[in-house]
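Quick note: numbers below take in every heavy atom, side chains included, and nothing from hydrogens, waters or symmetry partners.
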Amino acid sequence: MEELTLAELQKRMASGELTARVLAEWYLERIARLDVSGPRLNSVIEVNPRALDLADALDTERRGGRVRGPLHGLPLLVKDNLDTADEMQTTAGSLALEGWRARSDAGVVQRLRAAGALILGKTNLSEWANFRGRNSSSGWSSRGGQTRNPYALDRNPSGSSSGSGVAAAANLCAAAIGTETDGSILSPCNVNGLVGLKPTVGLVSRAGIIPISASQDTAGPMARSVADAALLLGAMAGEDPRDPATALSRGRAEADYTRYLDPNGLRGARLGVVRSLFGAHRGLCAVMETCLETLRRLGAEVLDPVDWTLGPEVDANELLVLHYEFKDGLNRYLDGLGPDTPVHSLADVITFNECHVGRVMPFFGQEHMLEAEAKGGLDSAEYQQALADNRRQTREEGIDRLLQAHRLDALVAPAGGPAWLTDHVNGDHYGGSCSQPPAIAGYPSLTVPAGQVFGLPVGLGFFASAFQEGTLLRLGFAFEQAT
(Lines give C-alpha, C1' and ligand atoms only; values in the text may rest on other atoms or scores of the structure.)
Protein backbone atom coordinates (compact mmCIF):
# COMPACT_ATOMS: atom_id res chain seq x y z
CA MET A 1 0.00 0.00 0.00
CA GLU A 2 3.03 2.30 -0.16
CA GLU A 3 2.51 5.42 -2.29
CA LEU A 4 -1.16 4.68 -2.99
CA THR A 5 -3.22 7.83 -3.43
CA LEU A 6 -6.28 8.65 -1.35
CA ALA A 7 -8.49 7.86 -4.34
CA GLU A 8 -6.83 4.48 -4.85
CA LEU A 9 -7.21 3.57 -1.19
CA GLN A 10 -10.86 4.64 -1.27
CA LYS A 11 -11.45 2.55 -4.39
CA ARG A 12 -10.09 -0.54 -2.64
CA MET A 13 -12.33 0.07 0.34
CA ALA A 14 -15.36 0.54 -1.88
CA SER A 15 -14.67 -2.82 -3.55
CA GLY A 16 -14.27 -4.59 -0.21
CA GLU A 17 -10.65 -5.42 -0.91
CA LEU A 18 -9.56 -3.19 1.97
CA THR A 19 -11.08 -2.01 5.24
CA ALA A 20 -10.32 0.96 7.44
CA ARG A 21 -9.18 -1.40 10.18
CA VAL A 22 -6.74 -3.30 7.95
CA LEU A 23 -5.36 -0.01 6.64
CA ALA A 24 -4.98 1.43 10.15
CA GLU A 25 -3.25 -1.75 11.33
CA TRP A 26 -0.85 -1.56 8.38
CA TYR A 27 0.11 2.04 9.17
CA LEU A 28 0.44 1.32 12.91
CA GLU A 29 2.75 -1.61 12.18
CA ARG A 30 4.81 0.59 9.88
CA ILE A 31 5.03 3.31 12.54
CA ALA A 32 6.29 0.73 15.04
CA ARG A 33 8.81 -0.69 12.56
CA LEU A 34 10.19 2.50 11.00
CA ASP A 35 9.34 5.38 13.32
CA VAL A 36 9.71 3.90 16.79
CA SER A 37 12.39 1.35 15.94
CA GLY A 38 14.51 0.55 12.88
CA PRO A 39 15.72 3.86 11.41
CA ARG A 40 13.75 5.64 14.16
CA LEU A 41 12.35 8.50 12.15
CA ASN A 42 10.68 9.83 15.30
CA SER A 43 7.95 11.66 13.39
CA VAL A 44 4.91 10.43 15.34
CA ILE A 45 4.72 11.91 18.83
CA GLU A 46 1.63 9.93 19.84
CA VAL A 47 -0.64 7.25 18.39
CA ASN A 48 -4.39 7.42 18.96
CA PRO A 49 -5.13 4.59 21.44
CA ARG A 50 -8.65 4.29 20.01
CA ALA A 51 -7.55 4.18 16.37
CA LEU A 52 -8.71 0.63 15.71
CA ASP A 53 -12.04 1.18 17.47
CA LEU A 54 -12.63 4.23 15.30
CA ALA A 55 -11.68 2.23 12.21
CA ASP A 56 -14.18 -0.48 13.15
CA ALA A 57 -16.92 2.15 13.56
CA LEU A 58 -16.15 3.62 10.13
CA ASP A 59 -16.20 0.14 8.58
CA THR A 60 -19.59 -0.49 10.21
CA GLU A 61 -20.90 2.73 8.67
CA ARG A 62 -19.68 1.64 5.24
CA ARG A 63 -21.31 -1.78 5.54
CA GLY A 64 -24.52 0.01 6.50
CA GLY A 65 -24.42 2.05 3.31
CA ARG A 66 -23.12 5.28 4.78
CA VAL A 67 -19.95 6.65 3.18
CA ARG A 68 -19.23 10.21 4.29
CA GLY A 69 -17.03 11.07 1.31
CA PRO A 70 -13.66 10.42 -0.32
CA LEU A 71 -11.83 10.49 3.04
CA HIS A 72 -14.04 7.88 4.72
CA GLY A 73 -11.84 5.47 6.69
CA LEU A 74 -8.52 6.98 5.60
CA PRO A 75 -5.94 7.33 8.43
CA LEU A 76 -4.44 10.81 8.77
CA LEU A 77 -1.81 12.19 11.12
CA VAL A 78 -2.16 15.74 12.45
CA LYS A 79 0.43 18.07 13.92
CA ASP A 80 0.64 18.23 17.71
CA ASN A 81 -0.53 21.84 17.87
CA LEU A 82 -4.08 20.89 16.77
CA ASP A 83 -6.58 20.20 19.54
CA THR A 84 -8.16 16.75 19.50
CA ALA A 85 -10.98 15.99 21.95
CA ASP A 86 -9.82 12.44 22.68
CA GLU A 87 -7.21 10.61 24.74
CA MET A 88 -4.31 12.25 22.90
CA GLN A 89 -2.44 15.26 24.23
CA THR A 90 -2.06 18.66 22.58
CA THR A 91 1.31 20.14 23.53
CA ALA A 92 3.04 21.87 20.57
CA GLY A 93 5.91 19.56 21.54
CA SER A 94 6.42 21.38 24.84
CA LEU A 95 6.82 19.73 28.24
CA ALA A 96 5.00 22.75 29.66
CA LEU A 97 1.74 21.31 28.25
CA GLU A 98 2.56 17.63 28.77
CA GLY A 99 -0.57 15.76 29.84
CA TRP A 100 -3.01 18.39 28.52
CA ARG A 101 -6.00 16.93 26.66
CA ALA A 102 -8.28 19.29 24.81
CA ARG A 103 -11.99 19.45 25.54
CA SER A 104 -13.00 20.05 21.90
CA ASP A 105 -11.58 19.38 18.46
CA ALA A 106 -9.82 22.07 16.47
CA GLY A 107 -12.04 23.31 13.65
CA VAL A 108 -9.94 21.46 11.08
CA VAL A 109 -10.03 18.20 13.05
CA GLN A 110 -13.79 18.55 13.45
CA ARG A 111 -14.25 18.89 9.68
CA LEU A 112 -11.94 15.98 8.91
CA ARG A 113 -13.76 13.69 11.33
CA ALA A 114 -17.09 14.75 9.83
CA ALA A 115 -15.70 13.79 6.41
CA GLY A 116 -14.93 10.30 7.71
CA ALA A 117 -11.19 10.63 8.19
CA LEU A 118 -9.56 8.57 10.92
CA ILE A 119 -7.21 10.60 13.13
CA LEU A 120 -4.49 7.98 13.58
CA GLY A 121 -2.20 10.05 15.77
CA LYS A 122 -0.20 13.23 16.14
CA THR A 123 3.13 14.26 14.70
CA ASN A 124 6.21 15.79 16.27
CA LEU A 125 7.10 19.36 15.37
CA SER A 126 9.59 22.09 16.02
CA GLU A 127 8.64 23.07 19.57
CA TRP A 128 6.02 25.84 19.74
CA ALA A 129 5.96 25.68 15.92
CA ASN A 130 9.57 26.94 15.88
CA PHE A 131 8.85 30.17 17.72
CA ARG A 132 10.69 29.66 20.99
CA GLY A 133 14.34 30.57 20.41
CA ARG A 134 16.98 31.44 17.86
CA ASN A 135 19.41 28.86 16.42
CA SER A 136 16.79 26.16 16.79
CA SER A 137 16.94 22.77 15.12
CA SER A 138 13.79 22.13 13.10
CA GLY A 139 11.99 18.95 14.05
CA TRP A 140 13.19 19.03 17.66
CA SER A 141 10.87 19.38 20.65
CA SER A 142 11.45 18.78 24.34
CA ARG A 143 8.55 16.33 24.41
CA GLY A 144 9.24 14.53 21.14
CA GLY A 145 12.99 14.77 20.54
CA GLN A 146 14.54 15.08 17.06
CA THR A 147 12.64 13.99 13.94
CA ARG A 148 14.87 12.64 11.14
CA ASN A 149 14.66 13.06 7.38
CA PRO A 150 13.67 9.75 5.71
CA TYR A 151 15.85 10.44 2.65
CA ALA A 152 19.02 10.79 4.73
CA LEU A 153 18.78 10.27 8.48
CA ASP A 154 21.48 12.80 9.35
CA ARG A 155 19.63 15.48 7.37
CA ASN A 156 17.01 17.80 8.79
CA PRO A 157 13.27 17.29 8.10
CA SER A 158 12.70 21.06 8.20
CA GLY A 159 9.80 22.54 10.05
CA SER A 160 7.87 23.33 11.91
CA SER A 161 5.52 20.66 10.50
CA SER A 162 8.47 18.27 10.51
CA GLY A 163 6.73 15.14 11.73
CA SER A 164 3.83 15.58 9.31
CA GLY A 165 6.26 15.87 6.40
CA VAL A 166 8.32 12.84 7.38
CA ALA A 167 5.30 10.68 8.20
CA ALA A 168 3.60 11.35 4.86
CA ALA A 169 6.85 10.84 2.92
CA ALA A 170 7.61 7.56 4.71
CA ASN A 171 4.07 6.21 4.21
CA LEU A 172 3.18 6.19 7.90
CA CYS A 173 -0.28 7.58 7.07
CA ALA A 174 -2.46 8.21 4.05
CA ALA A 175 -1.66 11.95 4.33
CA ALA A 176 -0.91 14.50 7.03
CA ILE A 177 -1.98 17.94 8.23
CA GLY A 178 0.48 20.69 9.07
CA THR A 179 0.35 24.36 9.95
CA GLU A 180 2.30 27.30 8.58
CA THR A 181 3.15 30.79 9.71
CA ASP A 182 6.02 31.22 7.25
CA GLY A 183 7.37 28.11 5.53
CA SER A 184 6.23 25.47 8.00
CA ILE A 185 4.23 23.55 5.39
CA LEU A 186 6.20 24.45 2.27
CA SER A 187 9.66 23.79 3.69
CA PRO A 188 9.11 20.29 5.17
CA CYS A 189 7.20 19.29 2.03
CA ASN A 190 10.07 20.63 -0.07
CA VAL A 191 12.79 18.60 1.68
CA ASN A 192 10.66 15.47 2.08
CA GLY A 193 9.49 15.24 -1.54
CA LEU A 194 5.83 16.07 -0.90
CA VAL A 195 3.06 18.28 -2.20
CA GLY A 196 2.25 20.98 0.34
CA LEU A 197 -0.48 23.61 0.14
CA LYS A 198 -0.57 26.67 2.38
CA PRO A 199 -4.09 28.07 1.96
CA THR A 200 -5.18 31.70 2.03
CA VAL A 201 -5.47 32.89 5.62
CA GLY A 202 -9.19 32.60 6.37
CA LEU A 203 -9.97 29.67 4.08
CA VAL A 204 -9.30 27.11 6.83
CA SER A 205 -10.22 27.50 10.50
CA ARG A 206 -7.47 28.17 13.06
CA ALA A 207 -9.79 27.58 16.04
CA GLY A 208 -8.22 25.11 18.43
CA ILE A 209 -4.72 25.46 16.96
CA ILE A 210 -1.95 26.67 19.28
CA PRO A 211 -1.16 30.02 17.63
CA ILE A 212 1.76 32.15 16.58
CA SER A 213 0.23 34.77 14.31
CA ALA A 214 -3.35 35.86 13.69
CA SER A 215 -2.31 37.46 10.41
CA GLN A 216 -0.25 34.56 9.01
CA ASP A 217 -1.24 31.23 10.65
CA THR A 218 -3.12 28.58 8.70
CA ALA A 219 -3.42 24.79 8.53
CA GLY A 220 -2.97 22.93 5.26
CA PRO A 221 -2.57 19.52 3.62
CA MET A 222 0.75 17.67 3.25
CA ALA A 223 0.43 14.78 0.84
CA ARG A 224 2.16 12.62 -1.74
CA SER A 225 0.23 13.99 -4.73
CA VAL A 226 -1.55 17.13 -5.87
CA ALA A 227 -4.81 15.18 -6.12
CA ASP A 228 -4.50 14.12 -2.48
CA ALA A 229 -3.87 17.72 -1.40
CA ALA A 230 -6.96 18.84 -3.35
CA LEU A 231 -9.13 16.19 -1.70
CA LEU A 232 -7.94 17.20 1.76
CA LEU A 233 -8.41 20.91 1.13
CA GLY A 234 -12.03 20.35 0.14
CA ALA A 235 -12.71 18.73 3.50
CA MET A 236 -10.78 21.36 5.47
CA ALA A 237 -12.02 24.61 3.92
CA GLY A 238 -14.98 26.61 5.16
CA GLU A 239 -16.38 28.97 7.76
CA ASP A 240 -16.05 28.42 11.49
CA PRO A 241 -17.72 30.83 13.93
CA ARG A 242 -14.82 30.22 16.33
CA ASP A 243 -12.41 31.84 13.84
CA PRO A 244 -13.74 35.20 12.57
CA ALA A 245 -11.14 35.27 9.79
CA THR A 246 -13.00 32.43 8.04
CA ALA A 247 -15.86 34.84 7.24
CA LEU A 248 -13.61 35.80 4.31
CA SER A 249 -14.12 32.31 2.87
CA ARG A 250 -17.89 32.77 2.50
CA GLY A 251 -18.71 32.06 -1.13
CA ARG A 252 -15.06 31.24 -1.84
CA ALA A 253 -14.44 27.94 -0.03
CA GLU A 254 -15.14 24.93 -2.22
CA ALA A 255 -16.11 21.41 -1.25
CA ASP A 256 -14.33 19.84 -4.23
CA TYR A 257 -11.00 21.21 -5.40
CA THR A 258 -10.34 18.13 -7.53
CA ARG A 259 -12.28 19.81 -10.34
CA TYR A 260 -9.16 21.92 -11.00
CA LEU A 261 -6.98 18.89 -11.70
CA ASP A 262 -6.33 19.29 -15.43
CA PRO A 263 -3.24 17.59 -16.95
CA ASN A 264 -3.27 20.34 -19.59
CA GLY A 265 -3.60 23.06 -16.97
CA LEU A 266 -0.36 24.82 -17.95
CA ARG A 267 -1.39 25.33 -21.57
CA GLY A 268 -1.85 29.06 -22.08
CA ALA A 269 -0.91 29.92 -18.48
CA ARG A 270 1.23 33.00 -17.82
CA LEU A 271 3.84 32.57 -15.08
CA GLY A 272 6.33 35.05 -13.61
CA VAL A 273 9.73 33.89 -12.33
CA VAL A 274 10.86 35.61 -9.13
CA ARG A 275 14.64 35.18 -9.41
CA SER A 276 15.30 37.21 -6.27
CA LEU A 277 14.00 34.19 -4.30
CA PHE A 278 16.27 31.59 -5.94
CA GLY A 279 19.25 31.74 -3.58
CA ALA A 280 22.74 30.68 -4.67
CA HIS A 281 22.74 26.87 -4.45
CA ARG A 282 24.09 25.64 -7.79
CA GLY A 283 22.29 22.30 -7.69
CA LEU A 284 18.96 23.89 -6.79
CA CYS A 285 19.30 26.50 -9.54
CA ALA A 286 20.01 23.74 -12.08
CA VAL A 287 16.81 21.92 -11.08
CA MET A 288 14.85 25.17 -11.35
CA GLU A 289 16.14 25.82 -14.88
CA THR A 290 14.92 22.36 -15.89
CA CYS A 291 11.55 23.17 -14.32
CA LEU A 292 11.23 26.38 -16.31
CA GLU A 293 11.98 24.50 -19.52
CA THR A 294 9.27 21.99 -18.61
CA LEU A 295 6.74 24.74 -17.92
CA ARG A 296 7.41 26.22 -21.39
CA ARG A 297 7.19 22.79 -23.02
CA LEU A 298 3.80 22.26 -21.40
CA GLY A 299 2.46 25.43 -23.01
CA ALA A 300 3.02 28.07 -20.35
CA GLU A 301 4.25 31.52 -21.25
CA VAL A 302 7.08 32.17 -18.79
CA LEU A 303 8.08 35.76 -18.02
CA ASP A 304 11.65 35.48 -16.70
CA PRO A 305 12.36 37.37 -14.58
CA VAL A 306 9.76 39.60 -13.01
CA ASP A 307 11.37 42.48 -11.19
CA TRP A 308 10.66 42.26 -7.47
CA THR A 309 12.84 42.27 -4.38
CA LEU A 310 11.56 42.66 -0.84
CA GLY A 311 13.42 45.26 1.19
CA PRO A 312 15.41 44.32 4.33
CA GLU A 313 12.85 46.05 6.53
CA VAL A 314 10.32 43.32 5.66
CA ASP A 315 12.20 40.73 7.72
CA ALA A 316 12.35 43.02 10.74
CA ASN A 317 8.69 44.00 10.41
CA GLU A 318 7.58 40.37 10.06
CA LEU A 319 9.40 39.35 13.23
CA LEU A 320 8.00 42.34 15.09
CA VAL A 321 4.45 41.43 14.02
CA LEU A 322 4.96 37.80 15.04
CA HIS A 323 6.24 38.78 18.50
CA TYR A 324 3.19 40.96 19.16
CA GLU A 325 0.70 38.44 17.80
CA PHE A 326 2.34 35.45 19.49
CA LYS A 327 1.97 37.02 22.93
CA ASP A 328 -1.63 38.02 22.30
CA GLY A 329 -2.68 34.72 20.68
CA LEU A 330 -0.88 32.36 23.04
CA ASN A 331 -2.19 34.17 26.11
CA ARG A 332 -5.74 33.86 24.76
CA TYR A 333 -5.26 30.16 23.95
CA LEU A 334 -3.69 29.23 27.30
CA ASP A 335 -6.17 31.30 29.30
CA GLY A 336 -8.98 29.28 27.73
CA LEU A 337 -7.61 25.90 28.80
CA GLY A 338 -8.97 26.07 32.33
CA PRO A 339 -7.38 25.45 35.74
CA ASP A 340 -6.06 21.95 35.01
CA THR A 341 -3.03 23.08 33.00
CA PRO A 342 0.32 24.06 34.58
CA VAL A 343 0.67 27.17 32.39
CA HIS A 344 -1.91 29.87 31.67
CA SER A 345 0.14 32.54 29.90
CA LEU A 346 3.30 33.11 27.90
CA ALA A 347 4.93 34.34 31.12
CA ASP A 348 4.11 31.00 32.76
CA VAL A 349 5.70 29.13 29.84
CA ILE A 350 8.87 31.21 30.12
CA THR A 351 9.06 30.47 33.85
CA PHE A 352 8.47 26.75 33.25
CA ASN A 353 11.26 26.65 30.68
CA GLU A 354 13.66 28.38 33.07
CA CYS A 355 12.80 25.93 35.85
CA HIS A 356 13.37 22.93 33.54
CA VAL A 357 16.23 24.30 31.47
CA GLY A 358 18.13 21.00 31.26
CA ARG A 359 15.24 19.15 29.64
CA VAL A 360 13.61 22.01 27.73
CA MET A 361 16.57 24.08 26.55
CA PRO A 362 19.60 21.78 26.10
CA PHE A 363 20.36 23.14 22.62
CA PHE A 364 18.75 26.57 22.20
CA GLY A 365 16.97 29.15 24.30
CA GLN A 366 13.70 31.09 24.32
CA GLU A 367 14.69 34.45 22.87
CA HIS A 368 11.51 34.78 20.78
CA MET A 369 9.33 34.14 23.82
CA LEU A 370 11.21 36.71 25.87
CA GLU A 371 10.95 39.33 23.12
CA ALA A 372 7.24 38.59 22.66
CA GLU A 373 6.56 38.89 26.39
CA ALA A 374 8.17 42.34 26.38
CA LYS A 375 5.70 43.60 23.75
CA GLY A 376 2.50 45.50 24.45
CA GLY A 377 -0.96 44.90 23.04
CA LEU A 378 -2.18 44.83 19.45
CA ASP A 379 -3.29 48.45 19.79
CA SER A 380 0.39 49.44 19.68
CA ALA A 381 1.18 51.94 16.90
CA GLU A 382 4.49 50.14 16.30
CA TYR A 383 2.68 46.85 15.64
CA GLN A 384 -0.03 48.34 13.48
CA GLN A 385 2.48 50.23 11.33
CA ALA A 386 4.68 47.15 10.81
CA LEU A 387 1.67 45.02 9.86
CA ALA A 388 0.35 47.64 7.43
CA ASP A 389 3.76 48.18 5.82
CA ASN A 390 4.38 44.48 5.26
CA ARG A 391 0.93 43.82 3.88
CA ARG A 392 1.27 46.73 1.48
CA GLN A 393 4.68 45.56 0.25
CA THR A 394 3.64 41.94 -0.24
CA ARG A 395 0.09 42.58 -1.50
CA GLU A 396 -0.59 45.84 -3.42
CA GLU A 397 3.07 46.56 -4.21
CA GLY A 398 4.06 42.93 -4.51
CA ILE A 399 2.07 39.85 -5.53
CA ASP A 400 -1.07 41.66 -6.70
CA ARG A 401 0.94 44.25 -8.63
CA LEU A 402 2.98 41.63 -10.48
CA LEU A 403 -0.03 39.49 -11.34
CA GLN A 404 -2.02 42.44 -12.64
CA ALA A 405 0.78 44.31 -14.43
CA HIS A 406 1.92 41.24 -16.37
CA ARG A 407 -1.47 39.47 -16.57
CA LEU A 408 -0.02 36.44 -14.74
CA ASP A 409 -1.78 33.40 -13.34
CA ALA A 410 0.90 32.79 -10.71
CA LEU A 411 4.48 33.42 -9.65
CA VAL A 412 7.10 30.66 -9.43
CA ALA A 413 10.35 30.18 -7.50
CA PRO A 414 12.09 27.41 -5.54
CA ALA A 415 10.11 26.13 -2.58
CA GLY A 416 13.46 25.72 -0.82
CA GLY A 417 16.89 24.16 -0.98
CA PRO A 418 17.92 20.57 -0.22
CA ALA A 419 17.86 19.37 3.39
CA TRP A 420 20.80 20.49 5.53
CA LEU A 421 22.62 18.41 8.16
CA THR A 422 20.82 18.48 11.50
CA ASP A 423 22.97 20.69 13.70
CA HIS A 424 22.14 21.14 17.38
CA VAL A 425 25.15 23.43 17.81
CA ASN A 426 24.48 26.05 15.14
CA GLY A 427 20.82 25.41 14.30
CA ASP A 428 19.14 25.44 10.89
CA HIS A 429 20.72 26.40 7.56
CA TYR A 430 18.01 27.54 5.12
CA GLY A 431 18.52 28.18 1.40
CA GLY A 432 16.40 30.10 -1.12
CA SER A 433 12.64 29.89 -0.64
CA CYS A 434 9.42 31.47 -1.85
CA SER A 435 7.49 31.06 1.41
CA GLN A 436 7.85 34.56 2.87
CA PRO A 437 5.94 36.79 0.41
CA PRO A 438 2.69 34.76 0.38
CA ALA A 439 3.03 34.05 4.11
CA ILE A 440 3.15 37.75 5.02
CA ALA A 441 0.43 38.58 2.49
CA GLY A 442 -1.79 35.77 3.78
CA TYR A 443 -1.98 34.39 0.23
CA PRO A 444 -1.84 30.75 -0.93
CA SER A 445 1.28 28.87 -1.99
CA LEU A 446 1.95 25.38 -3.30
CA THR A 447 5.05 23.22 -3.58
CA VAL A 448 5.32 20.25 -5.95
CA PRO A 449 8.30 17.86 -6.12
CA ALA A 450 10.64 19.14 -8.85
CA GLY A 451 13.72 16.94 -8.71
CA GLN A 452 16.63 16.01 -6.49
CA VAL A 453 20.01 17.48 -5.56
CA PHE A 454 22.45 14.70 -4.63
CA GLY A 455 19.45 12.46 -3.90
CA LEU A 456 17.70 15.05 -1.72
CA PRO A 457 14.27 16.33 -2.88
CA VAL A 458 13.55 19.93 -3.82
CA GLY A 459 10.23 21.45 -4.89
CA LEU A 460 8.91 24.04 -7.31
CA GLY A 461 6.85 26.72 -5.60
CA PHE A 462 3.76 28.42 -7.06
CA PHE A 463 2.02 31.35 -5.38
CA ALA A 464 -0.74 33.77 -6.30
CA SER A 465 -3.35 36.14 -4.88
CA ALA A 466 -5.98 35.46 -2.22
CA PHE A 467 -8.26 32.44 -2.70
CA GLN A 468 -6.49 31.30 -5.88
CA GLU A 469 -5.99 27.76 -4.56
CA GLY A 470 -7.78 26.31 -7.57
CA THR A 471 -5.38 28.01 -9.97
CA LEU A 472 -2.35 26.76 -8.04
CA LEU A 473 -3.70 23.21 -7.97
CA ARG A 474 -4.36 23.32 -11.71
CA LEU A 475 -0.83 24.49 -12.47
CA GLY A 476 0.81 22.17 -9.97
CA PHE A 477 -1.15 19.13 -11.15
CA ALA A 478 -0.16 19.68 -14.78
CA PHE A 479 3.50 20.02 -13.77
CA GLU A 480 3.31 16.93 -11.57
CA GLN A 481 1.65 14.76 -14.22
CA ALA A 482 4.24 15.70 -16.84
CA THR A 483 7.27 15.15 -14.59
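Each of Ser126, Ser137, Pro157, Ser158 was compared with Thr147 under the side-chain contact (heavy atoms from CB on, under 4.5 Å) criterion, and only Pro157 meets it.
In this pair, Phe131 and His368 present their aromatic rings parallel. The plane angle is below 30°, not in the 30 to 60° band.
Residues Leu233 and Pro199 have side chains in contact (heavy-atom distance under 4.5 Å, counting atoms from C-beta outward). A heavy-atom distance below 4.5 Å is not found between the side chains of Thr123 and Ser43. Between Ser160 and Lys79, some side-chain heavy-atom pair lies under the 4.5 Å cut-off. At a threshold of 4.5 Å between non-hydrogen side-chain atoms, the residues Arg224 and Leu194 count as touching. Leu203 has its side chain out of reach of Thr218: every pair of non-hydrogen atoms, C-beta onward, lies at least 4.5 Å apart. Annotation: side chain of Cys173 is not in contact with side chain of Leu76 (no heavy-atom distance under 4.5 Å). Using a 4.5 Å cut-off on side-chain heavy atoms (C-beta onward), Leu460 and Leu295 make contact. Residues Leu97 and Leu334 meet the side-chain proximity criterion, which asks for heavy atoms closer than 4.5 Å.
Of all heavy-atom pairs between Leu41 and Ala170, the closest is CD1-CB, 3.6 Å. The two residues Ser141 and Asn124 come nearest to each other via the heavy atoms OG-OD1, 2.7 Å. The two atoms that bring Thr483 and Phe479 nearest to each other are OG1-O, 2.7 Å, heavy atoms only. Contact between Pro414 and Phe278 at its shortest, heavy atoms only, is CD-CD1, 3.4 Å. Considering every non-hydrogen atom in both Gly279 and Cys285, the closest pair reads O-SG, 3.9 Å. Nearest approach of Ala478 to Asp262, heavy atoms of both residues: CB-O, 3.6 Å.
Applying the salt bridge (Lys or Arg N to Asp or Glu O under 4.0 Å) definition to pairs two or more places apart or across chains, those involving residues 83-102 are Asp86-Arg113.
Side-chain atoms of Gln146 come within 3.5 Å of backbone atoms of Ser138 as a donor-acceptor pair (strictly under, hydrogens ignored). Asp217 contributes no side-chain N or O that, together with a main-chain N or O of Pro211, makes up a donor-acceptor pair within less than 3.5 Å. Although no hydrogens or angles enter the test, the distance criterion places no donor-acceptor pair under 3.5 Å between the side chain of Asn190 and the main chain of Leu186. For Arg148 (side chain) and Asp35 (main-chain N/O), no donor-acceptor pair under 3.5 Å exists by modelled atom type. Distance alone, capped at 3.5 Å, is enough to place a donor-acceptor pair between the Arg474 side chain and the Gly265 backbone. A distance-only check finds no donor-acceptor pair linking the side chain of Gln468 to the backbone of Pro444 [under 3.5 Å]. With hydrogens and angles ignored, the 3.5 Å screen pairs a side-chain donor or acceptor of Ser164 with a backbone N or O of Ile177. Within the 3.5 Å criterion, the main-chain N or O of Gly139 finds a donor-acceptor partner in the side chain of Ser162. In this structure, the side chain of Asp240 engages the main chain of Arg242 through a donor-acceptor pair within 3.5 Å. No side-chain donor-acceptor contact under 3.5 Å links Arg33 to the backbone of Gly38.
Looking at Ser213 and Thr181, their side chains never bring a donor and an acceptor atom within 3.5 Å of each other. Side-chain contact of Tyr151 with Asn149: a donor-acceptor pair under 3.5 Å is absent, judged by distance alone. For the residue pair Thr91 and Lys122, no side-chain donor N or O sits within less than 3.5 Å of a side-chain acceptor on the partner. Side-chain contact of Glu325 with Gln216: a donor-acceptor pair under 3.5 Å is absent, judged by distance alone. Side-chain atoms of Gln436 and Asp315 form a donor-acceptor pair, as typed in the model, at a separation below 3.5 Å. Counting only N and O atoms by type, the side chains of Asn81 and Thr179 include a donor and acceptor under 3.5 Å apart. Between the side chains of Ser249 and Arg252, no donor-acceptor pair is found at a separation under 3.5 Å. Side-chain polar atoms of Ser161 and Glu180 form no donor-acceptor pair below 3.5 angstrom.
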Less than 3.5 Å apart, which donor and acceptor atoms pair up between the side chains of residues 445-459 and the rest of the protein, not counting sequence neighbours?
none

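We find the OH-CG distance between Tyr27 and Leu77 to be 9.5 Å, quoted to the nearest 0.5 Å. With values rounded to the nearest 0.5 angstrom, Leu9 atom CG is found 6.0 Å from Leu74 atom CG. Note: Ile45 CD1 to Leu125 CG = 6.5 Å, rounded to the nearest 0.5 Å. Within the model, atoms OG1 of Thr471 and OH of Tyr260 stand 7.0 Å from one another, a figure rounded to the nearest 0.5 Å. To the nearest 0.5 Å, atom CG of residue Asp154 and atom CH2 of residue Trp420 are 13.5 Å apart.
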Q) Can you list the steps and then say if Arg297 with Glu293 is a salt bridge (charged side-chain N to carboxylate O under 4.0 Å, His left out)? A) CA-CA 6 Å; Arg297 176 173 57 82; Glu293 291 174 11; over 6 Å; no

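Taking the ring centroids of His424 and Phe364, they lie at or beyond the 6.0 Å cut-off.
Under a 4.0 Å N-O distance rule, the pair Glu8/Arg12 does not qualify as a salt bridge.
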